[in-house]
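Notes for the one structure printed next.
Residue numbers start at 1 and run along the sequence shown. Every number for a ligand or one of its atoms is a count from 1 in the order of the listing.
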Amino acid sequence: MGGQDGWTAVDALIGSTLLADDPALQACLTNSAEHGLPDIAVSAPQGRFLALIAKISGARRVLEVGTLGGYSTIHLARGVGAGGDITTLELDPAFAEVARANIAGAGLESRVDVVTGPALDTLTTLDGPYDLAFIDADKVNNAHYVDHAIRLGRTGMLIIVDNVVRDGAVLDPHDQSARASRQLYDYVARHPRLQGTALQTVGDKGWDGMMLLEVTD
Ligand code: SAH
Ligand code: DHB
Ligand code: MG
């Protein structure tokens, strides 16, 4: 029972036992697919994990880079609770429109600001401090996004970076996006204010992983 079929089956078990039916999240995925958005949001168990991290870390303000249809955004917005807010950055204006509709459908529009444009530009317009950052956009800019997150963050901030394993492609020197992910490991290793780890995951989205970083003083 190894490999993708097994990983998918176990994610189905996790979904049917630990994750209650969730019409707003289901509608988010359905509406995103109907608008032609790619099926690359975090998985349902990963989304719940992000919400839990936001909640147990006591995060009030979250910065997200890479909105897509707002699926991870909805999880994060639930995690921060009624007093919290999310700023989420999306390059594609059409994706951002879909995300705004999905977030409103989940009743969370008052907690979320979807900002359209290249994140390297829009990041320069934001004011911190943020407590948590979730970085999940174009992987070649990951180190720049981490830098901006630190600038907009505070000591003790948590930074989570998605897709740092990519089916093991992080070890493949010929894959440009994976090469950028590989460089992120070296970047973090050298950075005086970052410490953390990366966790590999398997599931219905395949074999991947997230980096979890603490910003120290
Ligand atoms: N976090 C989402 C998935 C994001 S997919 C979720 O889990 O639900 C990656 C997103 O990053 C895509 O929507 C893509 O359009 C966006 N993106 C790519 N390059 C970008 C850039 N330079 N600035 C902002 N967003 C970017
Ligand atoms: C891709 C991007 C993601 O953020 C992800 O979680 C999975 C896949 C992609 O660009 O293929
Ligand atoms: Mg991702």
Among all protein heavy atoms in this structure, tell me which lies nearest to [atom], with the distance rounded to 0.1 Å.
{"atom": "atom 7 (O) of ligand 1", "answer": "V42 N, 2.9 Å"}
{"atom": "atom 5 (S) of ligand 1", "answer": "I40 CD1, 3.7 Å"}
{"atom": "atom 2 (C) of ligand 2", "answer": "I40 CD1, 3.7 Å"}
{"atom": "atom 25 (N) of ligand 1", "answer": "L91 N, 3.1 Å"}
{"atom": "atom 21 (C) of ligand 1", "answer": "D138 OD1, 3.6 Å"}
{"atom": "atom 23 (N) of ligand 1", "answer": "A119 N, 2.9 Å"}

Mind checking whether [X] has an N or O less than 3.5 Å away from an N or O of ligand 1?
{"X": "D136", "answer": "yes"}
{"X": "P118", "answer": "no"}
{"X": "G70", "answer": "no"}
{"X": "G66", "answer": "yes"}

Check ligand 1 against [X] and write out every atom of the ligand that is under 4.0 Å from a heavy-atom position of the residue.
{"X": "T67", "value": "2 (C)"}
{"X": "F95", "value": "13 (O), 15 (O)"}
{"X": "G117", "value": "23 (N), 24 (C)"}
{"X": "A41", "value": "6 (C), 7 (O), 8 (O)"}
{"X": "Y71", "value": "8 (O)"}

Quick check: does any side chain N or O of [X] sit under 3.5 Å from a backbone N or O of [Y], one acting as donor and the other as acceptor?
{"X": "D11", "Y": "D204", "result": "yes"}
{"X": "T67", "Y": "G70", "result": "no"}
{"X": "Y130", "Y": "R154", "result": "no"}
{"X": "E214", "Y": "Q195", "result": "no"}
{"X": "D138", "Y": "V140", "result": "no"}
{"X": "D167", "Y": "A169", "result": "no"}

Residue D162, metal the Mg ion (ligand 3), N/O/S under 2.8 Å: yes

From the Mg ion (ligand 3) out to just under 2.8 Å, does an N/O/S atom of N163 turn up? yes

Any luck finding a side-chain donor-acceptor pair between [X] and [Y] under 3.5 Å?
{"X": "S72", "Y": "D136", "value": "no"}
{"X": "T116", "Y": "R100", "value": "yes"}
{"X": "H75", "Y": "R78", "value": "no"}
{"X": "T8", "Y": "Q4", "value": "yes"}

Atom name, D136 (N, O or S, nearest to the Mg ion (ligand 3)): OD1

State the CZ-CZ distance between R182 and R166, to the nearest 0.5 angstrom. 16.0 Å

Rounded to the nearest 0.5 Å, the OG1 atom of T197 sits from the CE atom of M210 at a distance of 13.5 Å

Under 4.0 Å from a heavy atom of [X]: give me the atoms of ligand 2 that qualify, with their elements.
{"X": "N163", "result": "3 (C), 4 (O), 5 (C), 6 (O), 7 (C)"}
{"X": "D162", "result": "6 (O)"}
{"X": "R166", "result": "1 (C), 9 (C), 10 (O), 11 (O)"}
{"X": "K139", "result": "3 (C), 4 (O)"}

Grouping I, L, V, M, F, W and Y whenever their side-chain heavy atoms are under 4.5 Å apart, do [X] and [Y] come out in a common cluster?
{"X": "L199", "Y": "L184", "value": "no"}
{"X": "F134", "Y": "L212", "value": "yes"}
{"X": "M211", "Y": "V215", "value": "yes"}

Among the heavy atoms of K205, does any lie under 4.0 Å from an atom of ligand 2? no

Atom 12 (C) of ligand 1: which of E90, K205, K139 has the nearest heavy atom? E90

So which of P38, C28, G69, S72 gets nearest to atom 8 (O) of ligand 1, if we judge by its closest heavy atom? S72

Any idea which part of V42 is under 4.0 Å from ligand 2, heavy-atom wise: side chain, backbone, both or neither? neither

